[in-house]
Amino acid sequence: MALLRSYVSGEWHTAADEGVPLHDAATGEEVARISSKGVDFAAALEYGRRVGGPALRELTFHQRAALLKALASHLREHREELYALSARTGATLGDSKFDIDGGIGVLFSYGSKGKRELPNDTVYVEGSVEPLSRGGTFVAQHIATPLRGVAVQINAFNFPVWGPLEKFAPAFLAGVPSLVKPASSTAYLTARLVELIIESGILPEGSLQFVAGSVGDLLDHVTAQDLVSFTGSASTAQKLRAHPAIIRNAVRFNAEADSLNCSILGPDAVPGTTEFDLFVKQLTTEMTVKAGQKCTAIRRAFVPAELLDDVAAAASERLAKVTVGNPASEGVRMGALASLEQREEVRRSLKALLDAGSVVFGDPEKVDVVDADAERGAFISPVLLKADPERSEPHEVEAFGPVSTLMPYTSTEQVVDFAARGGGSLAGSVVSADKEFVREVVLGAAPYHGRLLVLDAEDAKESTGHGSPMPQLVHGGPGRAGGGEEMGGIRGVLHHMQRTAVQGSPAVLSAVTGRWVAGAPRSEGVHPFRKSLAELRIGDSVVAGPRTVTQEDVDHFAEFTGDTFYAHTDPEAAAANPLFGGIVAHGYLVVSFAAGLFVSPEPGPVLANYGLENLRFLTPVKVGDSLTVTLTAKQITPRIDQEYGEVRWDADVTNAEGESVAKYDVLTLVSKEQP
């Protein structure tokens, strides 16, 4: 059988020994062999830092985002090949789509988020400018820049595609190269994934490396600029976290570990309600998708004591319809565990759980299978238990397979306490239409969970379900679950970057961030609306006005728009208003006058005004006040796939005394070249 190759230091590496055999989870046949013998891990890390890092940092966020989308499209064309190989891990076609399509979806999501939420630049500016002096000449700004190391990503066996891609995407978008190490039992699928990526030629060299087999002395060589992310058991996470190099260098370490996730049925969800059916369906689905080998699967199902028998009967009826067998066979709804070793681990955990409870459905030692040998393949029956929630075992022992435990509760306070006894979980769900119950449970359970799903009749059709991490949301949990966070949209990107507070003059901050800062120099001359994106520069400005506000202006605006709020139309009532003391102009009249002052009306490179942001009315404008507006190019963002880009302008409207009456950002689309 083929020996899986590693991809390190820019080339494919074949181990010098014969490697360890990897087996088809359903048939027991040898699929491949795996070994990392001979890999120079120190050199691989150094190669990532020396070659991959600089290549990525030369690209803007938008360019990296475009490459993620291109990679996602490429992998989507090879899904059928990956599905076929995924079946050898024991996964049904539905399981494979969950893993493979889910991973590709993460790439698409980060590609879109990078374009929408990050600048077309190499530096990320976070938050507002912080004034540090009265005169405004000393200010500060937080920025984020890519770490200069490698993101070491150690993944679990259960998601050999989604797992690597959900770690890789935010690291790549941040500008940090990755070194991927999958769990051995399903590494042949990750290996083919990496081959497809490298063969595509889409990514800059050095941005992705792959290790098939043991990590050897890899962690001995990590530095303060590297990161380590791990998915797997809590005990292994603890060992890795305590590695001397990780401690010595304060290496950023992220763990997603064991998780005794729970689902809570509300007292209102009695048999016959939509919520009762949703709870039972979700419970059995989470038990059988990926044969229960999901870090987010429901391990503890809490139900009102009076509904325990009803839920047990309904869940058993659904589980009885689940056909177990060769995942490639038609009609099979649950495949095998990833390996025979994993099956034995599940059985050991089940013995511990049975000390505290009893079987409601299934047999841990026997299962009827379709088109397969039940002993050669890593098959096990779905097993539903019921137990006393006051016992410790259901809150401490995780059987990482198609296993869940029903437990009763008698009050909201009690079920919140039971949920917390898991010691920290990745995901929890509350199935109820009672909003007060939901609020109390969510607020009580939130400190112990990374994500909470509230499921009811209203969101059921569009809900992605209890066990589906989403790239927009954090994936992680406190305590037992590892204390880490993955994905979370741009939060996951920033995990791979260093936040730095930069102090200096407004001019210095403008130069560092590529954004105009109030107090920095402005450049007046040609109206900036006459400049294309290629000609426009940060700080280009126009000062327009003054324009005097008359009573007729206020009256006409009120009549024309229908905004007859008393402060604009009733002198006596307006005079009694402690904020105004008389008639004031509409705020939107002020904004409209400002637009009329700064606009350059002739056709030119400005294509459209597409929004205002951060609008604040600061000083009331009264009849007779004169308005002047200063418009300054604040941020310029070319779109890499369009003939135009976005310009953010700082608008400051002042009165005759120089007081700001309104401040806001104007957003326009501007051609890259003169029309």
Could you walk me through whether D24 and Y188 pass the side-chain hydrogen bond (donor to acceptor under 3.5 Å, both in side chains) test, one step at a time? CA-CA 10 Å; D24 185 305; Y188 49 86; over 6 Å; no
Begin from the C-alpha positions of L67 and L59 and carry the test side chain to side chain contact (heavy atoms under 4.5 Å, CB included) through to its verdict. CA-CA 10 Å; L67 291 178; L59 304 176; 3.8 Å; yes
For atom OH of Y83, decide whether the heavy atoms of other residues, nucleotides or ligands shown that lie under 6.0 angstrom number more than 12. yes
Can you establish whether the number of heavy atoms outside E18 located under 6.0 Å from its atom CD is more than 12? no
Quick one: do E485 and R491 make a salt bridge, cutoff under 4.0 Å? no
Within the structure provided, determine whether F253 and H243 are in side-chain contact (heavy-atom separation under 4.5 Å). no
Any side-chain heavy-atom pair from H466 and L455 closer than 4.5 angstrom? no
Hey, are K69 and S112 close enough side-chain-wise for a donor-acceptor pair under 3.5 Å? yes
Evaluate the side chain to side chain contact (heavy atoms under 4.5 Å, CB included) criterion for residues Y124 and V493: first the C-alpha distance (whole Å), next the side-chain angles of each, then the deciding distance (0.1 Å), finally the verdict. CA-CA 10 Å; Y124 179 79; V493 177; over 6 Å; no
Heavy-atom count check: over 12 atoms from other residues, nucleotides or ligands less than 6.0 Å from R148 CZ? no
Whether N326 side chain and A328 backbone form a donor-acceptor pair below 3.5 Å: yes
Under 4.5 Å between any side-chain heavy atoms of L193 and L75, yes or no? yes
Determine whether F41 and L45 make a side-chain contact, defined as any pair of heavy atoms from C-beta on separated by less than 4.5 Å. no
List the steps and the verdict of side-chain hydrogen bond (donor to acceptor under 3.5 Å, both in side chains) for T92 and D95. CA-CA 5 Å; T92 65; D95 296 337; 3.1 Å; yes
Taking side chain as C-beta onward, heavy atoms only, is V8 less than 4.5 Å from D40? no
Which atom of P177 lies closest to which atom of G52, heavy atoms considered: CG-C, 4.1 Å
With distance as the sole test, does R343 use its side chain to make a donor-acceptor pair with the main-chain N or O of F379 at under 3.5 Å? yes
Close side-chain approach of E46 and H221, heavy atoms under 4.5 Å: no
Between atom CG of N254 and atom OG of S229, what is the distance when rounded to the nearest 0.5 Å? 5.0 Å
Can you find a side-chain donor-acceptor pair between T223 and D226 that sits under 3.5 Å? yes
Quick one: do S214 and S36 satisfy side-chain hydrogen bond (donor to acceptor under 3.5 Å, both in side chains)? Show the steps, please. CA-CA 6 Å; S214 166; S36 63; 4.7 Å; no
Judged by atom type as modelled, is there a donor-acceptor pair below 3.5 Å linking the side chain of R252 to the main-chain atoms of H495? yes
Evaluation steps, side chain to side chain contact (heavy atoms under 4.5 Å, CB included), between L494 and E126: CA-CA 10 Å; L494 294 177; E126 185 178 63; 3.8 Å; yes
To the closest 0.5 Å, what do you measure between OG1 (T27) and CD (E30)? 11.0 Å
Who are the side chain to side chain donor-acceptor pair (under 3.5 Å) partners of S233, not counting sequence neighbours? S235, T236
Backbone N/O of E345 and side chain of S349: donor-acceptor pair under 3.5 Å: yes
Spacing of CD belonging to E77 relative to CG belonging to L196, to within rounding of 0.5 Å: 10.5 Å
Any pair with a residue in residues 153-169 that passes salt bridge (charged side-chain N to carboxylate O under 4.0 Å, His left out), sequence neighbours left out, goes on the list, sorted by first then second residue, please. K167-E486
Could you tell me whether the side chain of R241 and the main chain of G482 form a donor-acceptor pair under 3.5 Å? yes
State, yes or no, whether a side-chain contact exists between L283 and S263 at a heavy-atom distance under 4.5 Å. no
Distance-only donor-acceptor check, side chains T60 and N120, under 3.5 Å: yes
Heavy-atom check, side chain of F157 versus side chain of S339, under 4.5 Å: no
Is there a donor-acceptor pair closer than 3.5 Å between any side-chain N or O of S86 and the backbone N or O of L82? no
Grab the two heavy atoms, one from P160 and one from T190, that are nearest each other, plus how far apart they are. O-OG1, 2.7 Å
Output for pair (I298 CD1, F279 CZ), nearest 0.5 Å, gives 6.5 Å
Under a 3.5 Å distance rule, please check whether R64 uses its side chain to pair with a backbone N or O of L173 as donor and acceptor. yes
Taking all non-hydrogen atoms of both residues, which atom of L4 and which atom of A191 are closest, and how far apart? CD2-CB, 4.1 Å
Check for a donor-acceptor pair, side chain of T288 on one end and backbone N or O of T284 on the other, with a separation under 3.5 Å. yes
Please report the C-alpha distance between V152 and V215 in whole Å, then the side-chain angles of each, then the deciding distance to 0.1 Å, and finally whether the side chain to side chain contact (heavy atoms under 4.5 Å, CB included) criterion is met. CA-CA 10 Å; V152 176; V215 295; over 6 Å; no
Side-chain donor-acceptor contact under 3.5 Å, S404 with E286: no
Look up atom CZ in F210 and atom CD1 in I198, then write down how far apart they are to the nearest 0.5 Å. 10.5 Å
I'd like to know if the side chain of R79 and the backbone of R76 have a donor-acceptor N/O pair within less than 3.5 Å. yes
Once you round to the nearest 0.5 Å, how far does CG of L71 lie from CZ of F168? 6.0 Å
State whether the side chain of S178 and the backbone N or O of V180 hold a donor-acceptor pair below 3.5 Å, judged by distance alone. no
Sole residue of T186, L22, N158, L337 in side chain to side chain contact (heavy atoms under 4.5 Å, CB included) with T89: T186
For L179 against A44, the heavy-atom pair lying closest together: CD1-CB, 4.0 Å
CD/E205: more than 12 non-hydrogen atoms of other groups inside 6.0 Å: yes
Step through the shown structure and confirm whether more than 12 heavy atoms of other residues, nucleotides or ligands are within 6.0 Å of CD on E199. yes
